[in-house]
Peer 1: 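Here you go, one structure.
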Amino acid sequence: MNYQNTIAFARDLDQQDSLQHFRAQFFIPPVNGRDSIYLCGNSLGLQPKTARAAVEQEFLDWQNLGVEGHFHGTNPWLHYHQYLEEKEARLVGAKNTEVVVMNNLTTNLHLMLVSFFQPTTDRYKIITEAGAFPSDQYALETQVKYHGLDPEEAIIELTPRPGEYTLHPDDILATIREHGHQLALIMMGGINYYTGQVFDMAAITKAGHEAGAYVGFDLAHAAGNILLNLHDWQVDFAVWCTYKYLNSGPGGVSGTFVHEKHGNNPKLPRYGGWWGHNQEERFQMRKGFKPMPGAAGWQLSNASIFPMAIHKASLDIFDAATMPALRRKSEMLTGYLEYLINDMAAPKEIIEIITPTEPDRRGCQLSLLVHQQGRQVFDRLTQAGVILDWREPNVIRVAPTPLYNTFEDVYLFAEILRQSLAV
Ligand SMILES: *Cc1c(COP(=O)(O)O)cnc(C)c1O
């Protein structure tokens, strides 16, 4: 694509954008009486205008029906997780029975580790990416300790080559082969939250399985951002949150994927709860846990209706927009952002993009390493009405999302960035 560094060009792309009407379905937070330039959907997605009414409906059913809402509500609460299944599955490339929405992300990661990290004396190592999101690091560290192992020995971190910021795909596969015979699990992000690098989940899963290990991904930054094909890739398990790209509100519910080859295996160790128990017998309240088939068998507690109502409203929007169309726009939007930043011709000593340049190795986010006065630059951007996010020590993450961001947003951001850097 031949981009141009003018606002007229940006507006022209917006005119041609077949997804442009989706922006009006979201509340754009105002700053100083005007729409902000919101480039922070990687951290907290914006509120769909339909979210409030969806929650209101559940309030009304509770108000009017009390406990009967479980059976006679507009969306009977008893089966709530099922209303999300089909659209959630489409989002991540899974079969309906392979996904369930429940709990929060880190909780679900622990539940998956209970099932898929069963170390033996010979096989006890976990491969993960260095600098993974802290919650993932802590989950792995404490699970390893729970099994009486030393994290220093059991957790193998993939690190970039000296002087580089992202991982070479070959290095990942080589590390898997190197530790293969001792490897119990590969658990890493589908996209690294800091650099925005997308990992080749199909290749990693294949290599992991060849080594005899399970393979799972944290898709917090991937769900609703890139195209996923978890079933075909043979991924064993995955977890994601819904409040980032999936716009389902702060602390929103989490998605979990368990491949069908494991979903009907009652022998797989797991933590049980009554909501994962065979539905027909659940209210007989008898002894002996019999999990429901599929990912639903990992449920513990009755569904959190209010956050799930928001998520349901949000999934409807994704389903209308479709991931392939969103991804096509996303590549153009992020490509435009990259073009504009490169067009500033700022020296590498001032600012550099650490996210890979190949579109299939990144999602919508670009991570900018600001070498000089990073925090001041970030503060200037904030004062000018740009909402984005700052990660210590000196990274600004910029995430134009195809659902509600425009090419004009990207153009205006780049213009304000240029002024803030004074290049
Ligand atoms: C956002 C994020 C989390 C957050 O975990 P919660 O349990 O939802 O608080 C965890 N891991 C990754 C990779 C994330 O990006």
Side-chain angles (χ1 to χ4, degrees), residues 41-45 47-48 51 54-55 77 80-94 96-117 132-140 142-143 187-191 193 201 216-226 228 230 235-259 262-263 270-273 275-276 292 294-318 323 363:
N42 57 330
S43 193
L44 186 72
Q47 182 184 143
V55 175
W77 302 328
Y80 216 94
H81 75 273
Q82 290 175 4
Y83 312 144
L84 309 170
E85 239 166 46
E86 188 184 334
K87 288 173 185 161
E88 197 78 39
R90 229 183 331 269
L91 211 54
V92 296
N96 293 357
T97 52
E98 289 175 321
V99 298
V100 68
V101 173
M102 57 182 187
N103 313 319
N104 291 82
L105 192 161
T106 308
T107 310
N108 289 341
L109 179 55
H110 276 293
L111 292 180
M112 290 296 105
L113 292 172
V114 164
S115 293
F116 293 99
F117 180 56
F133 193 89
S135 205
D136 300 29
Q137 294 184 40
Y138 306 150
L140 292 180
T142 53
Q143 286 273 342
M187 201 317 281
M188 56 193 289
I191 299 185
Y193 81 100
M201 287 173 259
F217 294 98
D218 182 328
L219 303 177
H221 282 263
N225 181 12
I226 58 170
L228 296 164
L230 299 181
V235 170
D236 294 299
F237 70 88
V239 289
W240 57 96
C241 52
T242 62
Y243 50 81
K244 293 174 179 167
Y245 294 109
L246 296 178
N247 309 317
S248 300
V253 278
S254 158
T256 297
F257 166 90
V258 179
H259 198 280
H262 305 301
R270 66 175 100 184
Y271 286 170
W275 227 249
M292 280 156 87
W298 270 263
Q299 292 174 103
L300 298 178
S301 300
N302 71 95
S304 303
I305 301 302
F306 292 99
M308 278 165 99
I310 301 176
H311 187 44
K312 187 166 168 290
S314 177
L315 282 176
D316 288 341
I317 300 175
F318 271 88
M323 274 313 293

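One is the number of the first residue; the rest follow in order along the sequence.
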Peer 1: Side chains of Phe217 and Trp240: does their closest heavy-atom pair fall under 4.5 Å?
Peer 2: no

Peer 1: Does a side-chain heavy-atom distance below 4.5 Å link Phe318 with Lys87?
Peer 2: no

Peer 1: Any side-chain heavy-atom pair from Leu140 and Leu113 closer than 4.5 angstrom?
Peer 2: yes

Peer 1: For the atom pair CD1 (Ile191) and CG (Asp218), what is the distance rounded to the nearest 0.5 Å?
Peer 2: 10.5 Å

Peer 1: Would you name the heavy atoms of Val99 and Ala94 that are closest together and state the gap between them?
Peer 2: CG1-CB, 3.8 Å

Peer 1: So does Leu246 get a backbone contact from the side chain of Ser314, meaning a donor-acceptor N/O pair under 3.5 Å?
Peer 2: yes

Peer 1: Using modelled atom types only, decide if a donor and an acceptor are shared between the side chain of Asn108 and the backbone of Met102 within a distance under 3.5 Å.
Peer 2: yes

Peer 1: If every non-hydrogen atom of Ile226 is compared with every non-hydrogen atom of Gly363, which pair is closest and at what distance?
Peer 2: CG2-CA, 3.7 Å

Peer 1: Can you tell if the side chain of Leu111 reaches within under 4.5 Å of the side chain of Asn103, non-hydrogen atoms only?
Peer 2: yes

Peer 1: Might you point out which heavy atoms bring Ala303 and Trp275 nearest each other, and give the distance in Å?
Peer 2: N-NE1, 4.1 Å

Peer 1: On a heavy-atom basis, which atom in Ser254 and which in Thr242 lie closest, and how many Å separate them?
Peer 2: CA-CG2, 4.4 Å

Peer 1: Less than 6.0 Å separating the ring centroids of Phe133 and His221?
Peer 2: no

Peer 1: Kindly give the heavy-atom pair with the smallest separation between Asn104 and Gly251, and that separation in Å.
Peer 2: ND2-O, 3.0 Å

Peer 1: Could you check if a side-chain atom of Tyr271 sits within less than 4.5 angstrom of a side-chain atom of His110, using non-hydrogen atoms only?
Peer 2: no

Peer 1: Would you say the side chain of His81 lies within less than 4.5 Å of the side chain of Val101, judging by non-hydrogen atoms?
Peer 2: no

Peer 1: Against Glu98, only a single residue in Glu85, Glu88, His259 fulfils side chain to side chain contact (heavy atoms under 4.5 Å, CB included); can you say which?
Peer 2: His259

Peer 1: Taking all non-hydrogen atoms of both residues into account, name the closest pair between Asn247 and Pro48 and its distance.
Peer 2: O-CD, 3.4 Å

